Amino acid sequence: MPDVILRLALPSPLRRLFDYRAPAGIQVAALQPGMRLRVPFGRREIIGVLVEVTDRSDLPKEKLKAAIALLDEASPIPPGMFNLCLWTAQYYQHSLGDTLAWALPSLLRQGEPAEARQERFWSVTAGARSDDPRLARAPRQRDAFMALAQHPHGVAHTLLARLGLTKDSLDALLAKGLASVEVRGHAPAKRHAHWLAQPELPLNPEQRSAFEAVKAGFGHFHAFLLAGVTGSGKTEVYLQLIHQALEAGKQALVLIPEINLGPQTLLRFEQRFNARIALVHSAVNDRDRLDAWLAARDGDADIIIGTRSALFTPMRNPGLIIVDEEHDSSYKQQEGLRYHARDLAIVRARQDNIPVVLGSATPSLESLHNAHSGRYGLLRMEQRAGGAFPPRYLRLDVKSRPLDSGLSPPLQQAISQVLAQGQQVLVFLNRRGYAPTLLCHDCGWLSECPRCDARMTVHLRSGELRCHHCGYAAPRPRQCPACQSVDLRPVGAGTERAEDRLKTLFPDVPVWRVDRDSTSRKDAMAQLFTRVQRGEPCILVGTQMLAKGHHFPRVTLVAILDADGGLFSADFRAAERMAQLIVQVAGRAGRAEEPGRTIIQSHMADHPLLVQLTEEGYPAFATQALSERRAAGLPPFSHLALLRAEAHKPGQAEAFLEQACVEAERLRDTLQVLGVELLGPVPAPMERRAGRYRAQLLLQANARAPLHRLLSLWVLQLEQLPGGRQVRWALDVDPIDLY
Ligand code: ADP
Ligand code: ZN
Ligand code: ZN
């Protein structure tokens, strides 16, 4: 009999599989990829996932350990999802075991049965009656009996209280044999006959043609870029497409950037449909997450809505994938498995042979490029659906104008006028805290972070200096640590400072700050938005939390305090991000009958990209930015991979990267890979962060295939490099941040 060797993916960073002998008494024929096994690993026991069954191993058979137990009777991971994980691991050059660990619900990784939660269900015993003589003198038990009898399928134990049932009376009924209790999984809620809980809006012509184009693609793979200005009614198009998918007996997967920022979107989905909606995001607890995953897998959820990781939710009847705000950088995971959920959504749609819609008012240059080159269908919506006016832009040159806590005098005037007209103002500043630096006026001391090459931000409310890069915090000093002077001055302005100044300037209207510091309480945001919706004059001041998803119909002035960061940053994506942010923030305003105006303060008010954006709009900006990228050979006209390394001592990370670079050059020669350039190693733009010294090596290629051929062999060598022991390193394929 040939040997049976099980090749498993284990939760390890190493890019290899691990061989085990089959556990005793296993039906080899019943083994399927994706089944989980408990195996010995060092001194521990861990859970691995079966990848293949083979009869050969590189290790001698007697050295192989036997797996301890098989945990599943069938693979909990459907083949399509398993393939997607294989593809992901390969593309991102990541270990398969760790990829599965990121992709699967954590309880599944911990060995929890892949079954819906078991619960106790109470019901009345068949044949029992409410006029049973034993209930005659027990009115409470009789009431309980009658309440329970209303539910022929039983009542879950956890829902008793909600129905006014007490455990005591049920126990009494149980003792009398009038009620019974049984343990089982939740009966899946039934599919509804009528999907719509709310009528659909009649689509305008632009919406209709977008809708028809995608609908015609049902049942096939096709990627669409829905480029619709803010308020053009993209969400309405998504809703009607989902309705079509549901009617066809299919499921829909909707990815959104951040769940807390899109409560209004979520509400619209819930209000529109009589559908079983599964939510998948980081605030959902492990058990609910597993249940959502199982329900989607088994076809017991109709719509799956979630953030980045929801991309890995299996669907029994996949019909449609939607990626809302596809340009949002939160779709890219920046640790561990550095995947991009938007890019994987395309891969997944192709595997499942279904359409995928990427929607945004400010599409990423990558997606626009794909649309221009014909890979994606381009659907444009240029009119605001509710008949509202598009925002108008005004560039305000603040060169040599005094800035008063970030606010120039003409801007203050504009705000005052709008408030006097009984309208609302939104002030945007992407910097939280009071001031980005504390400076000693006598000796020039600056509030530097002891662990990073960065300044600590002054936070007035908490009386602290805080580093926004590593989280280090210290009490705000009263005297200069260097010269003991008391003349310490905050330099520059953050949201706290703008808020304080606005309160002083406009004492008669409420000023509300929205940033990560102000809205740590869960419902604080919701309360605030309800108040803003009432429409009385007010000023909202905040960071990009204000830029996402919310509608402020009564805001008629948007002020962007500082657009310069995006214009002279070393990061080649900075201008794209700035443009997206400006357009998104501006899009919050004037959604109803009142037109909105956006004032942008800049020291470079004549910068060509800014001029193009504000005078011709985002598409013109994007065309210009794309031609600059093409000229510079930057993505999407080239492909990048970034090897990052960090170490406790200076020089270690670079030494490792030097070795890595030599290996890459050697491989490039051996494999005769053309068109892959190695740039670096160089220290990271912020060399020291959280006490570690960081460096990076960039690979730039004009085609993907040769780059990946090189990478897949290179990472295996990197695992072996002697210099790798002192450093933490990570390979980032298609990095979006070159830090
Ligand atoms: P987007 O997602 O593109 O920002 P929304 O779908 O949120 O746009 O639509 C913006 C506003 O226009 C919403 O208040 C929505 O109810 C309204 N709206 C959308 N489509 C229509 C339509 N066909 N007719 C009337 N109002 C619409
Ligand atoms: Zn000093
Ligand atoms: Zn720091």
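All residue numbers in this chain count up from 1 along the given sequence. These numbers were taken from a predicted model, which means no experiment stands behind them. As the structure lists them, so they are numbered: ligands from 1, and atoms in each ligand from 1.
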Indicate, as side chain, backbone, both or neither, the part of Arg268 found under 4.0 angstrom from ligand 1 when only non-hydrogen atoms are considered. side chain
Best match, Asn204, Thr235, Val229: closest heavy atom to atom 2 (O) of ligand 1: Thr235
Just so I know, are the side chains of Leu546 and Leu426 near enough to count as touching, which here means a heavy-atom distance under 4.5 Å? yes
At less than 4.0 angstrom from any non-hydrogen atom of Ser232, what atoms of ligand 1 do you find? 3 (O), 8 (O)
Do Gln580 and Thr362 have side-chain atoms, one donor and one acceptor, less than 3.5 Å apart? no
Do Gly228 and ligand 1 have an N or O pair less than 3.5 Å apart? no
Using the ring of each side chain (for Trp, its six-membered ring), is Phe224 parallel, tilted or perpendicular to His222, with breaks at 30° and 60°? perpendicular
Distance filter < 2.8 Å from the Zn ion (ligand 3), protein N/O/S hits 4
Do Tyr238 and Phe269 make the cut of ring centroids closer than 6.0 angstrom? no
Got Leu239 and Val237 here, is their nearest side-chain heavy-atom distance under 4.5 Å? no
Apply the test salt bridge (charged side-chain N to carboxylate O under 4.0 Å, His left out) to residues Arg644 and Asp732: give CA-CA distance (whole Å), side-chain angles for both, the deciding distance (0.1 Å), then the verdict. CA-CA 8 Å; Arg644 293 190 176 86; Asp732 191 350; 2.9 Å; yes
Are the side chains of Trp729 and Leu657 in contact, using a 4.5 Å heavy-atom criterion? no
Rounding to 10°, state the angle centred on the Zn ion (ligand 2) that links SG in Cys480 with SG in Cys483. 110°
Under 3.5 Å side-chain donor-acceptor pair for Glu326 and Ser360: no
Considering only heavy atoms, which of Gly359, Gly233, Gly587 lies nearest to atom 8 (O) of ligand 1? Gly233
Which atom names give the shortest non-hydrogen contact between Ala361 and Thr230, and what distance separates them? CB-N, 3.5 Å
What atoms of ligand 1 come closer than 4.0 angstrom to any heavy atom of Pro202? 22 (C), 23 (N), 24 (N)
State whether the shortest distance between N or O atoms of Gln207 and N or O atoms of ligand 1 falls below 3.5 angstrom. yes
Do Gln479 and Ser485 pair up side chain to side chain, a donor and an acceptor below 3.5 Å, judged on atom types alone? no
